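So the structure is just underneath, and the comments pick up after that.
Just the heavy atoms: all of them, side chains too, but no hydrogens, waters or symmetry mates, feed the values below. Residue indices begin at 1 and follow the sequence shown. Since this is a predicted model, take the numbers as computed values, not measurements.
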Amino acid sequence: KPEDTKKYVPRLNLVSKSIPTIDAGHSETVTFTIKNTGGYTAENIVVTPEFGDGNAPLTLEDTSATRIIKKISSGSSANISFKLTANSDAAEKSYPIKLNYNFANTYGDPFTYAETVYVKVVNKNTPSTIVVDKVVTNPAVVTPGQKFKASFTIKNKGSLQARDVKYSLDGFTENGFSIVGGSNNK
């Protein structure tokens, strides 16, 4: 009767579960060390990250999500790295990443294992806040009943980019200002 080689199971685990940090809106290369704590060599190791339900604000910047390690002998370690980008509007918290391992022992018997690591996103960004920064009239001094041109400079006081900005001028009355040419919104 042939020997059951499936009992020769390599044990793959992360060495350090320290939580890497990424600033929102930036990219970082995060490295994980995988150690074979079992008594048998692991071969053809394929590590694939899984980002939860797909709502995590982390994006893998690499062309391939999988990392392949040819072999990790008993008691040895290997590093894998991923370049991750955190969305600029990501909530500040730790996000799980499931690392799925597919590997074989030296006899070719397949095994799977998974463990979860966390990546912390730090967000110091402030939301875009649009304010009127400057008003210029031509002529500079306006008398009652006189027509004039007004231009407004708007400014984003936040650190995040403002997109599709629309503004409008409201509150005109019959005995106040009225728009003669142009539009009250853009």
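To the nearest 0.5 Å, atoms CG (Leu58) and CD1 (Ile97) are separated by 5.5 Å. Here the NZ-CG distance, from Lys147 to Asn138, works out to 14.5 Å after rounding to the nearest 0.5 Å. Between atom CG of residue Asp109 and atom NZ of residue Lys7 there is a gap of 11.5 Å, rounded to the nearest 0.5 Å. With values rounded to the nearest 0.5 angstrom, Ile72 atom CD1 is found 10.0 Å from Thr41 atom OG1.
With sequence neighbours left out, the ring pair (Phe, Tyr, Trp, His ring centres under 6.0 Å) criterion links Tyr101 to Tyr113. Remark: Ile68 engages Val46 in a side chain to side chain contact (heavy atoms under 4.5 Å, CB included) (not counting sequence neighbours).
With contacts defined as side-chain heavy-atom distances shorter than 4.5 Å, the pair Thr29/Phe82 does not qualify. Side-chain contact check for Asn102 versus Ile45: every heavy-atom pair is 4.5 Å or farther apart. At a threshold of 4.5 Å between non-hydrogen side-chain atoms, the residues Glu115 and Asn13 count as touching. Side-chain contact between Lys98 and Asn100: present, with at least one pair of heavy atoms (C-beta onward) separated by less than 4.5 Å. In this structure, the side chains of Leu84 and Leu60 come closer than 4.5 Å at one or more pairs of heavy atoms. Ser77 is listed as a side-chain neighbour of Val15, based on a closest heavy-atom distance under 4.5 Å. Residues Val141 and Pro139 have side chains not in contact (no heavy-atom distance under 4.5 Å, counting atoms from C-beta outward). When side chains are defined from C-beta on, Ile154 does not count as touching Asp133, because their heavy atoms never get closer than 4.5 Å.
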Determine whether Ile69 and Ile80 satisfy the following criterion, side-chain contact (heavy atoms from CB on, under 4.5 Å), listing intermediate values before the conclusion.
CA-CA 8 Å; Ile69 304 167; Ile80 57 168; 3.6 Å; yes
Determine, step by step, whether Asn36 and Ser76 satisfy the side-chain contact (heavy atoms from CB on, under 4.5 Å) criterion, reporting the C-alpha distance in whole Å, the side-chain angles of both residues, the deciding distance to 0.1 Å, and the verdict.
CA-CA 6 Å; Asn36 183 351; Ser76 296; 5.8 Å; no
Going through the checks in order, is the side-chain contact (heavy atoms from CB on, under 4.5 Å) test met by Ile34 and Leu99?
CA-CA 11 Å; Ile34 300 170; Leu99 296 179; 5.6 Å; no
Criterion side-chain contact (heavy atoms from CB on, under 4.5 Å) on Asn44 and Phe103, from CA distance to verdict
CA-CA 5 Å; Asn44 303 316; Phe103 55 96; over 6 Å; no
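Between Ser27 and Lys83, the shortest heavy-atom distance links the atoms CB-CE, 3.8 Å. Between Ser74 and Gly38, the closest heavy-atom pair is OG-O, 2.5 Å. Pairing each heavy atom of Ala104 with each of Pro10, the nearest pair is O-CG, 4.3 Å. Nearest heavy-atom pair, Tyr118 versus Pro20, reported as atom, atom and distance to 0.1 Å: O-CD, 3.2 Å. Contact record, Val122 with Lys124: CG1-NZ, 3.7 Å, taken as the closest heavy-atom pair. The nearest pair of heavy atoms linking Tyr40 to Val9 is CD1-N, 3.5 Å.
A distance-only check finds a donor-acceptor pair linking the side chain of Asn123 to the backbone of Ser88 [under 3.5 Å]. Although no hydrogens or angles enter the test, the distance criterion places a donor-acceptor pair under 3.5 Å between the side chain of Arg67 and the main chain of Ser81. A side-chain donor-acceptor contact under 3.5 Å links Asp4 to the backbone of Lys6. Not one N or O on the side chain of Thr59 forms a donor-acceptor pair closer than 3.5 Å with the backbone of Glu61. Listed for the Asp62 side chain is no donor-acceptor partner under 3.5 Å among the backbone atoms of Ser64.
In the hydrophobic clustering of ILVMFWY residues, with side-chain heavy atoms under 4.5 Å counting as a link, Val121 and Ile19 come out apart.
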